[in-house]
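In what follows, a structure is listed as structure tokens, so that the remarks can point back to it.
Bear in mind the structure is a predicted one, so any value in this text is a computation, not a measurement. In each ligand, atom 1 is the first atom listed, and ligand 1 is the first ligand listed.
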Amino acid sequence: MSETDAFPGFRVTFWGTRGSIPTPGPATRVYGGNTSCVELRAGPTLLICDAGTGLRELGLRLSAENGGGIEGHLFLSHAHWDHIQGFPFFPAIYDPRSSFRIYEVAGAPQRHHKLLSGQMSSDYFPVAFSDLGARVVPAPLPQSGAEIADVSVSAFLQRHPGGSFAYSFERDGTKVVYATDCELDLDLPDPEAPLKDPAALREVSPEFVAFVKGADLLIIDSQYLDEEYPTKVGWGHPRATTAIDAAIRAEVKQVALFHHDPMHSDQAVNAKVALCRKRAEKHGANLFVFGAREGLQITIDP
Ligand SMILES: [Zn+2]
Ligand SMILES: [Zn+2]
């Protein structure tokens, strides 16, 4: 462990913040076009949330820093393309000195390890999973939680086609929650509430609120605007306004709007962030709202 690894709390870096499909180009330069990938550093421990195309950039940085031999813990929300496509392009998995654990939530119907390797069958990809140099192994994660190094990790099953998991990470009295691909609107106690009075603070799933409660940082799916949602019901993503209401209810300190819609330009994401800030202010919440963007690093101190 080097001296720079001796810090409390977390260092969080966003490597991919886009939902559904990569969107490179001039209109998405600020927030970025890579799909879901967030790095959490807990001292010397490397935790990675999702393996979207942003994982490639993280891998390049790790190789440049370490020169090889990387040990990491990978948490997949689920195995939709935008959450696994970066995996075959993650340089560290070709390095025999590296090892990665891919967590499988106990009792979950999906087998992440199998699905990750499946996307590397020769129909889809030229290099076979069995030819990877690194040790890549499945690891069980009880839904009640586990200790990984000095981090307490737990999982929460979310509403999404095929299911997806949110993860909570706690260390030194700080808490970071990664909750993407969660259609909170389908679990509203009153599904009509956003239509009856769009400005009113919504009741959201109490189980979700309890899981997120008091987080120093909540990274949350905020894909749709209110006017977009009615034609996308059941697609697995919430209204951004509902995501904010969940953060307010859970008394979160800061919230990163995440999984930006591929149709949203930087300008559109800016407008979404402004709208959500206003909403948090209107409801008197002591909540800092920002848009997750590629390259952004945040320190979560106790
Ligand atoms: Zn997604
Ligand atoms: Zn999905």
- Message: Any N/O/S atom, side chain or main chain, of Asp181 closer to the Zn ion (ligand 1) than 2.8 Å?
- Response: yes
- Query: Has His78 got an N/O/S atom less than 2.8 Å from the Zn ion (ligand 1)?
  - Reply: no
- Message: At less than 2.8 Å, would any N/O/S atom of His83, backbone or side chain, sit next to the Zn ion (ligand 2)?
- Response: no
- Task: Supply the atom-to-atom distance His83 NE2 to Asp181 CG, rounded to the nearest 0.5 angstrom.
- Result: 3.5 Å
- Atom name, His80 (N, O or S, nearest to the Zn ion (ligand 2)): ND1
- Task: In plain terms, say whether Arg202 and Asp226 are close enough for a salt bridge, that is, a side-chain N and a carboxylate O under 4.0 Å apart.
- Result: yes
- Smallest separation among heavy atoms of Phe89 and Gln85, with atom names: CD1-O, 3.6 Å
- Task: Taking the Zn ion (ligand 1) as the vertex, measure the angle between atom NE2 in His259 and atom OD2 in Asp82; round to 10°.
- Result: 90°
- Could you tell me whether Asp185 and Arg159 have a side-chain N and a carboxylate O separated by less than 4.0 Å? no
- Message: Only N/O/S atoms count here: what is the atom of His160 closest to the Zn ion (ligand 2) called?
- Response: NE2
- With under 30° as parallel and over 60° as perpendicular, where do the rings of His260 and Tyr31 fit, or are they tilted in between? perpendicular
